[in-house]
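For reference, the structure is listed below as structure tokens.
Reminder, nothing fancy here: chain letters follow the sequence lines and each chain counts from 1. Only heavy atoms go into these numbers, but all of them, side chains included; no hydrogens, no water, no symmetry mates. Predicted, not measured: the structure shown is a model, and the values here were computed from it.
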Amino acid sequence: MAAERSVKQITSKGDDFDRWYVDVVRRAELADYTPVKGCMVIRPYGYALWERTRDALDGMIKRTGHENMYFPLLIPESYLTKEAQHVEGFAPEVFWVTQGGDRVLEERLAIRPTSETIICSLYADWIHSWRDLPVLINQWCNVARWEKRTRLFLRTAEFLWQEGHTFHATDDEAAAEVETMLDCYRELSEEWLAIPVIKGRKTESEKFAGARYTLSIEAMMSDGWALQSGTSHHLGQNFTTAYGISYSDRENTRQHPFQTSWGLSTRIIGGLIMAHGDDAGLVIPPRVAPIQVVVVPITHSNDEDAARLVEEACIRLEREAATEVRLRVDRREGMRPGEKFAHWELRGVPLRITVGAKDLADGNVTLVRRVDGEQSAVALEGLGSRLQGLLDEAQKVTRARAQRLLDERSVDVGSLEELVAAFAEQPVFASGPFCNRPECEVTVKGAVHAVTVRNLRADRTPDGAPCIACGQPAGHVALIARAY
RNA sequence: CGGGAAGUAGCUCAGCCAGGUUAGAGUGCACGGUUCGGGACCGUGAGGUCGGGAGUUCGAAUCUCCCCUUCCCGACCA
């Protein structure tokens, strides 16, 4: 049955994945294009999804000891340009404000592409002593980057994110922070968004501009492509030196603190869509679903008694579920049940309860799980209190399905030939021993169309195997994939 | 930013090559009715500066030029 549930308005996933993605985003009313080039509008349903994701991550950020604050949107050019690599990396994508009202500004202002520079400039005045460390802060904000190509949620000129920034007395403490926050991203992705990820370290060519190193989580989309879903950077003393941040340690010696930054953006919503969605539309994991349960009453205009019983059952569900579950009864008139089913499937609501006279005669309602279409007749009695458990189950099934996809499309390779063979049929996640020299990265990229080294896996070691590109002893296992 | 495609009703598109009454279809929308366990049907109605600008012409959705936007493939990137 599930296979026949095609949706009128959206392209089939198998026919054209990119069109499918855009169709789902727009038809499910998550987001849309705007008259502003490169900028999207996030519509209420999409924003609700972001809010749930954001709140989950915000809880983790606070749990790990960070506080939220807010920095200016505009950054003076002289502040932006102090860290050489950073400027070089971001300069091509900065928006510049050159005028205020009718006055040309003496110094251009950048619209923040990220806030390390303004934050360092301010903290240079606020950090004086080892007692001032660590500084553990975060901000939720918008940033702007002049991107050449727009993809809703995945790449827009303006996007929403959080950026965490910390300063530490020791290198090790900063390194631990980078790991801690990457693990928060992993937890958000796996436990909330039901997307398994692979943690690892970025290669030199892929790391954040100005960082000593960058860690990332990489998720597999259902077409086998990778999506970098969160990054955590160890900035060493690069910025603190450039921006003159120093403090007196316990021995009264001047020191530059060690710094980290880490970010996760609305891009993750794109990942959620591409990881779980199907030909009927979105599939939203219950923990972040704006609406977790939709109730569709089946009423007959020529049978008032039945209609009354159906409405009573709906009211009962609303009352019993109200406190713990986000449930909505779809009472829209003049719309046939099938149309409502399609409507909510497109929007990815995890559970649907159909309430009709036929089932009610036996004290039952029909329950359908979005992720796999599993359908069952369940007793109305006590259902409200069982919903949370059913949602937890749906969350698990969604996660397991994504894990299965990742497992099925992951391949270990021991040579370039095997790498080429791995991608012959379809995009995969290939893992192979890698020496991490820039020349070898170029070789790997050139071996298969559009692949990149996503990261050096944190969970694997090469065990003395030779690098797939040069044959020298490999120190890492590289995750190689095509990426969004 | 390079290569390709496309912009006509909310959406999907036809009409354009061979310029000519009042620009069409399906779907969606509004109202009425029959219906109602997978996008049902009948009727009525609203809805368009044909992406924008300039030009050619008696006359432009249609021909010419410029611009804008979107999609796809690259390069760049969260």
Nucleotide-resolved protein contact map, nucleotides 73-78 of chain B, B/S/- at heavy-atom distance under 4.0 Å = SBBBBB

Which atom pairs, one a donor and one an acceptor, fall under 3.5 Å between side chains of residues 188-197 of chain A and the rest of the protein, sequence neighbours left out?
| unit_1 | atom_1 | unit_2 | atom_2 | d |
| --- | --- | --- | --- | --- |
| A:Ser189 | OG | A:Ile195 | O | 3.0 |
| A:Glu190 | OE1 | A:Arg186 | NH1 | 2.8 |
| A:Glu190 | OE2 | A:Val197 | N | 3.0 |

Describe the nucleic acid contact of A:Gly263 in one word from base, sugar-phosphate, nothing, applying a heavy-atom distance below 4.0 Å.
-> nothing

Residues at least two apart in sequence or cross-chain that pass ring-ring contact (aromatic ring centres under 6.0 Å, His included) with A:Tyr123, listed by chain then number, are A:Trp126, A:Phe167

C1' spacing across the pair B:rA14 / B:rG33, given as an integer number of angstrom | 32 Å

Residues that A:Glu381 engages under salt bridge (Lys or Arg N to Asp or Glu O under 4.0 Å), provided they are two or more places apart | A:Arg316

5' priority, RNA chain B, between A:Thr299 and A:Leu152 [closest heavy atom] | A:Thr299

Could you check if a side-chain atom of A:Ile42 sits within less than 4.5 angstrom of a side-chain atom of A:Leu160, using non-hydrogen atoms only?
-> yes

Side chain of A:His300 (C-beta onward), nearest among B:rC11, B:rG39, B:rC36 = B:rC36

Got a list of side-chain donor-acceptor pairs under 3.5 Å for residues 291-299 of chain A, not counting sequence neighbours?
| unit_1 | atom_1 | unit_2 | atom_2 | d |
| --- | --- | --- | --- | --- |
| A:Gln292 | OE1 | A:Arg326 | N | 2.9 |
| A:Gln292 | NE2 | A:Pro286 | O | 3.0 |

Quick one: the side chain of A:Arg352 and the base of B:rG38, do they pair up donor-acceptor inside 3.5 Å?
-> yes

Contact class for A:Gly38 (heavy atom, under 4.0 Å): base, sugar-phosphate, or nothing?
-> sugar-phosphate

Please state the P separation for the pair B:rG51 and B:rU12 - nearest whole angstrom.
-> 14 Å

Could you list the donor-acceptor pairs under 3.5 angstrom formed by side chains in residues 43-56 of chain A, with sequence neighbours left out?
| unit_1 | atom_1 | unit_2 | atom_2 | d |
| --- | --- | --- | --- | --- |
| A:Tyr45 | OH | A:Arg347 | O | 2.7 |
| A:Thr53 | OG1 | A:Leu49 | O | 2.9 |

Each nucleotide of nucleotides 43-52 of chain B classed B (base within 4.0 Å of a protein heavy atom), S (only sugar-phosphate) or -, in 5' to 3' order, makes ----------

Who are the ring-ring contact (aromatic ring centres under 6.0 Å, His included) partners of A:Trp146, not counting sequence neighbours?
-> A:Phe95

Hey, does the side-chain of A:Glu345 have a donor or acceptor N/O within less than 3.5 Å of a partner on the base of B:rG39?
-> no

Between B:rU62 and B:rG15 - P atom distance, rounded Å = 15 Å

Rounded to the nearest 0.5 Å, what's the gap from CG on A:Leu360 to CG on A:Leu309? Could you check?
-> 6.5 Å

Sequence-distant partners of A:Glu311, salt bridge (Lys or Arg N to Asp or Glu O under 4.0 Å), two or more places apart | A:Arg331

